[in-house]
Engineer: 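Could you have a look at this structure, given as structure tokens, before my questions?
One is the number of the first residue; the rest follow in order along the sequence. All figures in this text were calculated on a predicted structure; none of them were measured in a lab. The figures here come from the full heavy-atom set of this structure, side chains too, leaving out hydrogens, waters and symmetry mates.
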Amino acid sequence: SSYHPTFTNSVHDTNPELATMCTGRWSGEGCHLVGYAKQDHGTTARCQCDHLTSFAVLVSLKQLHSGDGNQVLSVITYVGCGLSMLGLLATVVTIGSMKAIRTRYHYRMLMGLSSTLLLVYVVFMTGIEATSTLATCKAVAVMLHYLLMTSFMWMSAD
């Protein structure tokens with residue numbers, strides 16, 4: 001026996017298009033409209049899918065944030081990442097330049113963690129917008145996954 005997740009979606013519009021009630025602007029592959037009910041406040045659709053996925057964003061028919069808000073968030077992201085990179089670079093240079101401390105176990109662990117996090121930021125800042133080809137997108141995702149897992153291992157090793 002197979003499990004078919006079912007969810008409902010309330011559309012606050014008196015004349016929604018039935019074709020997009022289950023998925024909005026997203027792909028409806030594997031989902032279909034089981035039924036709908038018109039009510040005073042709009043229409044409630046009952047959709048059924050043949051796969052398990054998080055439908056939290058899929059059932060939102062409202063426009064996602066765009067415009068100036070995204071620009072501000074991008075600036076904050078790049079400034080924050082840049083400052084973090086400067087701090088990590090200062091840590092790596094400081095530990096690397098002092099022979100007396102770079103041979104100690106604790107500082108070698110800190111050097112590995114700082115170097116890995118610095119690489120995470122470099123890959124993130126240079127590759128986060130590289131989504132034009134599937135291969136590039138996958139390469140960035142794999143590198144970020146590997147580097148973040150490595151940084152968690154550095155944190156748990158000490």
Side-chain angles (χ1 to χ4, degrees), residues 1-12 20-32 44-158:
S1 94
S2 62
Y3 175 73
H4 298 287
T6 303
F7 62 93
T8 58
N9 182 22
S10 293
V11 181
H12 300 292
T20 62
M21 286 182 71
C22 286
T23 58
R25 295 180 309 274
W26 300 89
S27 170
E29 185 177 334
C31 295
H32 62 278
T44 300
R46 190 162 177 255
C47 305
Q48 191 171 49
C49 300
D50 61 5
H51 53 82
L52 292 173
T53 306
S54 173
F55 294 101
V57 175
L58 297 180
V59 298
S60 175
L61 297 178
K62 296 178 183 174
Q63 177 68 28
L64 297 176
H65 300 289
S66 61
D68 293 336
N70 282 345
Q71 178 110 16
V72 170
L73 290 175
S74 291
V75 169
I76 291 170
T77 299
Y78 284 110
V79 168
C81 287
L83 291 173
S84 295
M85 288 173 66
L86 285 175
L88 289 166
L89 188 62
T91 302
V92 169
V93 168
T94 302
I95 293 172
S97 64
M98 297 181 176
K99 187 175 183 179
I101 65 169
R102 80 171 167 234
T103 56
R104 294 184 187 161
Y105 176 76
H106 175 74
Y107 290 106
R108 287 175 47 189
M109 300 288 280
L110 181 61
M111 181 79 147
L113 175 61
S114 298
S115 300
T116 303
L117 288 175
L118 186 60
L119 285 173
V120 166
Y121 283 116
V122 168
V123 171
F124 177 80
M125 300 253 307
T126 58
I128 198 64
E129 296 292 331
T131 57
S132 58
T133 64
L134 185 61
T136 307
C137 189
K138 282 184 179 180
V140 170
V142 166
M143 285 189 290
L144 283 174
H145 182 77
Y146 173 76
L147 290 168
L148 287 168
M149 291 301 290
T150 305
S151 66
F152 290 136
M153 292 301 116
W154 278 115
M155 285 184 245
S156 65
D158 193 20

Engineer: Looking at every non-hydrogen atom in both residues, tell me the closest pair between Met109 and Ala157 and how far apart they are.
Structural biologist: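 Minimum heavy-atom separation between Met109 and Ala157: CE-CB, 3.2 Å.
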Engineer: Quick one: list whatever passes side-chain hydrogen bond (donor to acceptor under 3.5 Å, both in side chains) with Thr126, sequence neighbours left out.
Structural biologist: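 Per chain and number, Thr126 pairs via side-chain hydrogen bond (donor to acceptor under 3.5 Å, both in side chains) with no residue.
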Engineer: Calculate, to the nearest 0.5 Å, the distance between atoms CE and CG belonging to Met153 and Leu148 respectively.
Structural biologist: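 The CE atom of Met153 sits 11.5 Å away from the CG atom of Leu148.
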Engineer: Looking at side-chain heavy atoms only, is the closest gap between Ile128 and Tyr78 below 4.5 Å?
Structural biologist: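 Heavy-atom side-chain distance check passes, below 4.5 Å.
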Engineer: Suppose we screen for side chain to side chain contact (heavy atoms under 4.5 Å, CB included). Which residues come up paired with Leu118, at least two apart in sequence or across chains?
Structural biologist: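 By the side chain to side chain contact (heavy atoms under 4.5 Å, CB included) rule, Leu118 matches Met85, Leu88, Leu89.
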Engineer: State whether the number of non-hydrogen atoms from other residues, nucleotides or ligands found under 6.0 Å of Met98 atom CE is greater than 12.
Structural biologist: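 Open: at most 12 neighbouring heavy atoms sit under 6.0 Å from CE of Met98.
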Engineer: List the residues meeting side-chain hydrogen bond (donor to acceptor under 3.5 Å, both in side chains) with Ser115, not counting sequence neighbours, and say none if there are none.
Structural biologist: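 Ser115 satisfies side-chain hydrogen bond (donor to acceptor under 3.5 Å, both in side chains) with no residue once adjacent residues are dropped.
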Engineer: Can you tell me how far OG1 of Thr116 sits from CE of Met111, rounded to the nearest 0.5 angstrom?
Structural biologist: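 Rounded to the nearest 0.5 Å, the CE-OG1 separation comes out at 11.0 Å.
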Engineer: So, using side chain to side chain contact (heavy atoms under 4.5 Å, CB included) as the criterion, who are the partners of Ser84 when residues are at least two apart?
Structural biologist: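 Counting only residues at least two positions away or on another chain, Ser84 forms a side chain to side chain contact (heavy atoms under 4.5 Å, CB included) with Tyr121.
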Engineer: Once side-chain hydrogen bond (donor to acceptor under 3.5 Å, both in side chains) is applied, what residue pairs with a partner in residues 133-147 remain, sequence neighbours excluded?
Structural biologist: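 Output for this query lists Thr133-Thr136.
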Engineer: Specify the closest pair of heavy atoms between Leu147 and Val120, including all atoms of both residues, with the distance to one decimal.
Structural biologist: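 Closest approach of Leu147 to Val120: CB-CG2, 3.4 Å.
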Engineer: Measure the spacing between CD of Glu129 and CZ of Phe124 and express it to the nearest 0.5 Å.
Structural biologist: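 The distance works out to 8.5 Å.
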Engineer: If every non-hydrogen atom of Leu117 is compared with every non-hydrogen atom of Ser151, which pair is closest and at what distance?
Structural biologist: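 So the two residues come closest at CD2-CB, 3.9 Å.
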Engineer: Go through the structure and list residues passing side chain to side chain contact (heavy atoms under 4.5 Å, CB included) with Thr91, not counting sequence neighbours.
Structural biologist: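 Thr91 satisfies side chain to side chain contact (heavy atoms under 4.5 Å, CB included) with Ile95, Leu110, Ser114 only.
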Engineer: Calculate, to the nearest 0.5 Å, the distance between atoms CZ and CH2 belonging to Arg108 and Trp154 respectively.
Structural biologist: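 One finds 8.0 Å between CZ of Arg108 and CH2 of Trp154.
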